[in-house]
K.L.:
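Sharing a structure below in structure tokens format, with a few things to ask.
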Number of protein chains: 2
Amino acid sequence: MRPTVIDIAREAGVSLATVDRVLNARPGVREKTVRAVNEAISKLGYVRDLTAANLARGRSYKVAAVLPDTESQFLQSLAEALTEAGSMAATSRTELHLYRFPAEDPHALAALLGSLSDRNYVGVALMAPETPVLRDAVRGLRAKGIPTVALVSDLPNAGCDHFVGVDNRAAGRTAGVMIGRFLGGGPGQVMVLGQSLLARDMIERRRGFDEVMQRDFPGLEVLQSLETHGSPVTLRQVVAEILTNAPQICGIYAMGGGNRTLTQVLADMGLSGKLTVICHELTPHVRAALIGGEVTAVITQNLGHLARSTLRVLRAKVDHQPLDEGQEQIRIEIVLRENLPALPDFSAQAPIDRTS
Amino acid sequence: MRPTVIDIAREAGVSLATVDRVLNARPGVREKTVRAVNEAISKLGYVRDLTAANLARGRSYKVAAVLPDTESQFLQSLAEALTEAGSMAATSRTELHLYRFPAEDPHALAALLGSLSDRNYVGVALMAPETPVLRDAVRGLRAKGIPTVALVSDLPNAGCDHFVGVDNRAAGRTAGVMIGRFLGGGPGQVMVLGQSLLARDMIERRRGFDEVMQRDFPGLEVLQSLETHGSPVTLRQVVAEILTNAPQICGIYAMGGGNRTLTQVLADMGLSGKLTVICHELTPHVRAALIGGEVTAVITQNLGHLARSTLRVLRAKVDHQPLDEGQEQIRIEIVLRENLPALPDFSAQAPIDRTS
DNA sequence: CAATTTTTGAGGAACGTACCTCAAAATGAT
DNA sequence: ATCATTTTGAGGTACGTTCCTCAAAAATTG
């Protein structure tokens with residue numbers, strides 16, 4: 001049996017109330033007594049039962065996830081992953097609510113964040129572009145003791161408690177190695193496409209990619225990034241034109257966004273499997289393109305992992321518990337057709353068992 | 001506020017005792033009343049607080065992990081990962097104890113497993129070669145209601161509740177694609193080395209590897225596996241000899257075991273970076289070899305993830321809760337020098353905070 | 001409709017912790 | 001030694017659930 005506070009009290013020769021005062025750092029205990037209690041704790045190897053503590057405190061983990069309301073497949077998958085993670089954690093006093101904000105309106109976002117503390121949220125996960133208004137809003141949350149984590153895209157100057165996402169520079173480097181190796185080091189040209197929600201990510205990826213290409217694959221010429229903000233039509237035209245006129249292009253690095261359009265162009269031009277194409281984020285479309293041969297490899301982060309990590313980090317912050325850094329490091333995953341993870345079969349899912 | 005059993009009782013117009021009887025499937029409740037209670041449950045969206053339930057039940061998750069006592073780096077890392085995961089989970093009523101058994105003695109293993117139920121273990125994680133004696137022992141555990149999961153290597157006929165580990169056939173396929181692509185499809189020869197604790201893993205890997213090589217890379221000749229059971233000296237000699245006499249060899253697939261010796265030979269022969277070498281399991285030595293260039297890519301499973309998954313699965317089984325399949329699927333990870341995850345810095349780790 | 005059986009209700013103790021109050025004891029200052 | 005102050009103890013209630021007992025109510029049987 002694990003020792004309890006009662007065992008500690010007996011061992012230290014003090015009352016339960018005193019042990020409690022020491023454990024919860026309440027005042028009014030002599031230095032000497034504190035030491036006696038701590039000795040008993042380490043002698044018996046006492047570890048506080050957090051579940052009982054939270055029960056007693058009446059604490060539950062009510063957290064909010066705040067995302068832009070853009071309709072990209074990535075965001076939709078992320079929202080699903082978060083909802084799923086939230087419902088799986090419902091049995092352990094955890095509630096997660098999803099909020100969306102108009103992507104172009106930092107003030108609406110700030111207002112939303114400001115309102116969360118009144119609604120008794122104890123933690124917030126946030127994916128948003130960094131603006132001064134946002135920084136203030138995050139600071140406001142933290143001032144009220146509400147831990148805030150940045151999701152997917154870091155907010156280095158907002159003072160978040162944690163960043164849940166991948167190192168995009170390393171992701172770009174990985175893309176570089178993959179494309180360089182798969183192309184045998186050249187010769188040839190590599191086209192780079194960029195169109196992302198959060199500019200920061202793309203800059204980091206490009207930086208990492210160039211780093212590797214310059215150093216390790218001088219035989220491959222990397223073209224300037226094509227930034228086709230938004231419009232699929234433009235993207236379609238530009239890509240088709242370039243591919244037609246530049247036969248030296250043997251690889252494409254799609255840094256983010258527009259994967260659907262890109263793979264369609266490739267399929268339409270009969271280029272499936274002919275080029276080495278690397279992109280980011282394993283959305284349903286990209287998955288299909290991987291199977292179809294339009295895409296060679298995908299650099300991705302596991303959104304399920306990301307979502308669960310978000311919840312774990314927020315809980316740990318709320319509890320003032322240390323993080324298991326290893327667990328919370330979101331790995332950069334390389335997915336080829338051959339290691340494509342099976343799609344979970346939702347239809348066959350077991351119902352939640354309430355009987356035990 | 002989340003609804004509690006009291007709210008359910010009020011809503012259904014019955015007493016707390018009846019709600020409890022329904023929730024815990026105790027007899028003596030009319031069909032009609034059961035329905036009324038269940039309706040109240042779904043109407044209010046009640047979800048049982050498992051932490052409070054376990055507290056009341058006096059249930060804690062005391063589980064045993066049983067591993068062979070071989071001194072490989074892989075097993076040592078696995079043991080560390082399990083211990084670490086156990087200590088991180090200590091605050092949530094979880095205890096994990098590690099047991100080792102003499103690798104060549106199935107009867108000692110069976111005896112060990114038999115003794116676990118008397119010591120109040122509620123779950124067992126097991127890594128062992130499958131033998132008839134083992135199957136009986138596992139059946140015995142399950143008969144006593146102790147869930148058992150197979151670790152790293154599946155035990156398909158032992159009737160375990162779950163398998164925690166990667167699909168080795170898929171891992172072999174991935175190795176095949178990587179080596180094939182990196183070598184540009186040939187021409188050349190690929191050497192295959194095998195020496196594993198658990199024969200089953202290796203057979204599966206080889207099968208997956210051959211599958212891909214035959215289908216997608218006919219230009220590469222795959223040599224017969226070199227099985228150097230145990231002896232590093234033999235391995236050293238054989239590998240050195242073959243590499244000297246067969247200049248057509250451009251790739252090596254090391255399916256398991258002996259990585260340390262292999263990379264030493266390669267370094268000694270001045271072949272670092274010259275061959276495409278793929279091996280399994282990111283142990284400290286392999287990590288060094290990746291940096292040094294003796295190894296090109298590593299197919300690995302994240303042992304931290306494996307260990308935490310083991311605990312989660314066992315807890316879910318003990319609670320008769322459904323698994324989050326997505327979370328428990330151990331991904332096949334491809335590690336190159338460029339996406340080598342940072343080694344966690346243990347010296348800088350924060351102490352456990354007991355004050356909140 | 002009485003006797004029997006089944007179903008239900010009311011209540012309490014327990015799990016390990018938090019947090020509160022009030023009084024008693026120990027300590028420090030004068 | 002007296003007083004004020006600090007420290008400690010004893011005891012209670014609460015969190016949401018489990019599990020127990022005993023009696024009351026309702027349903028079923030003959």
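All values reported here derive from a predicted model rather than from experimental measurement. Proteins get letters first, then strands, A, B, ... in listed order; numbering begins at 1 in each.
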K.L.:
For Lys32(B) and dA26(D), what is the distance between atoms NZ and P respectively, to the nearest whole Å?
P.N.:
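Atom NZ in Lys32(B) sits about 12 Å away from atom P in dA26(D).
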K.L.:
Calculate the interatomic distance between Arg59(A) atom CZ and dG16(D) atom C1'; express it in whole Å.
P.N.:
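Distance, rounded to whole Å: 17 Å.
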K.L.:
Is the phosphate of dT8(D), meaning OP1 or OP2, less than 4.0 Å from a side-chain N or O of Thr18(A)?
P.N.:
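No, because none of the side-chain N or O atoms of Thr18(A) sits under 4.0 Å from OP1 or OP2 of dT8(D).
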K.L.:
Identify the two heavy atoms, one from Asn120(B) and one from Lys62(B), that lie closest to each other, and give their separation to 0.1 Å.
P.N.:
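Smallest heavy-atom distance, with atoms named: O-CD, 3.9 Å.
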K.L.:
Test the Arg315(B)-Tyr61(B) pair against the cation-pi criterion, namely NZ or CZ under 6.0 angstrom from the six-membered ring centroid and within 45° of the ring axis.
P.N.:
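The answer is yes; both the distance and angle limits are met.
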K.L.:
If you count heavy atoms of other groups shown closer than 6.0 angstrom to NZ of Lys43(A), is the number above 12?
P.N.:
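At most 12 heavy atoms, drawn from other residues, nucleotides or ligands, come within 6.0 Å of this atom.
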K.L.:
Parallel, tilted or perpendicular for His305(B) and His305(A), by the 30°/60° rule?
P.N.:
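Ring orientation of His305(B) relative to His305(A): tilted.
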K.L.:
Measure from CD on Glu31(A) to P on dT8(D) and round the result to the nearest Å.
P.N.:
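Roughly 11 Å, once rounded to whole Å.
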K.L.:
Hey, which of these two, Arg26(A) or Gly28(B), hits DNA chain C nearer its 5' end, going by closest nucleotide?
P.N.:
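Nearest nucleotide further toward 5': that of Gly28(B).
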K.L.:
Does the pair Glu95(B) and Arg2(A) meet the rule for a salt bridge (Lys or Arg N to Asp or Glu O under 4.0 Å), with working shown?
P.N.:
CA-CA 9 Å; Glu95(B) 274 177 279; Arg2(A) 274 168 51 154; 5.5 Å; no
K.L.:
Between C1' on dA18(C) and CD1 on Ile8(A), what's the gap in Å once rounded to a whole number?
P.N.:
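Atom CD1 in Ile8(A) sits about 16 Å away from atom C1' in dA18(C).
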K.L.:
Between Arg48(B) and Asn24(B), is there a side-chain donor-acceptor contact under 3.5 Å, judged purely by atom types and distance?
P.N.:
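A pair is found: one side chain offers a donor N or O, the other an acceptor, under 3.5 Å apart.
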K.L.:
With a 4.0 Å limit, can you tell me whether Arg30(A) has a side-chain N or O closer than that to the phosphate oxygens OP1/OP2 of dT8(D)?
P.N.:
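For dT8(D), OP1/OP2 do have a side-chain N/O of Arg30(A) under 4.0 Å.
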K.L.:
For nucleotides 14-17 of chain C, tabulate all protein N/O to nucleotide N/O atom pairs closer than 3.5 Å, reporting atom names and distance.
P.N.:
{"residue": "dC15(C)", "atom": "O2", "partner": "Leu55(B)", "partner atom": "O", "Å": "3.2"}
{"residue": "dC15(C)", "atom": "O2", "partner": "Ala56(B)", "partner atom": "N", "Å": "2.9"}
{"residue": "dG16(C)", "atom": "N2", "partner": "Ala52(A)", "partner atom": "O", "Å": "3.2"}
{"residue": "dT17(C)", "atom": "OP1", "partner": "Tyr46(A)", "partner atom": "OH", "Å": "2.7"}
{"residue": "dT17(C)", "atom": "OP1", "partner": "Asp49(A)", "partner atom": "N", "Å": "3.3"}
{"residue": "dT17(C)", "atom": "OP2", "partner": "Val5(A)", "partner atom": "N", "Å": "2.9"}

K.L.:
Tell me: NE2 of His320(A) to P of dA18(C), nearest whole Å?
P.N.:
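Answer to the nearest Å: 13 Å.
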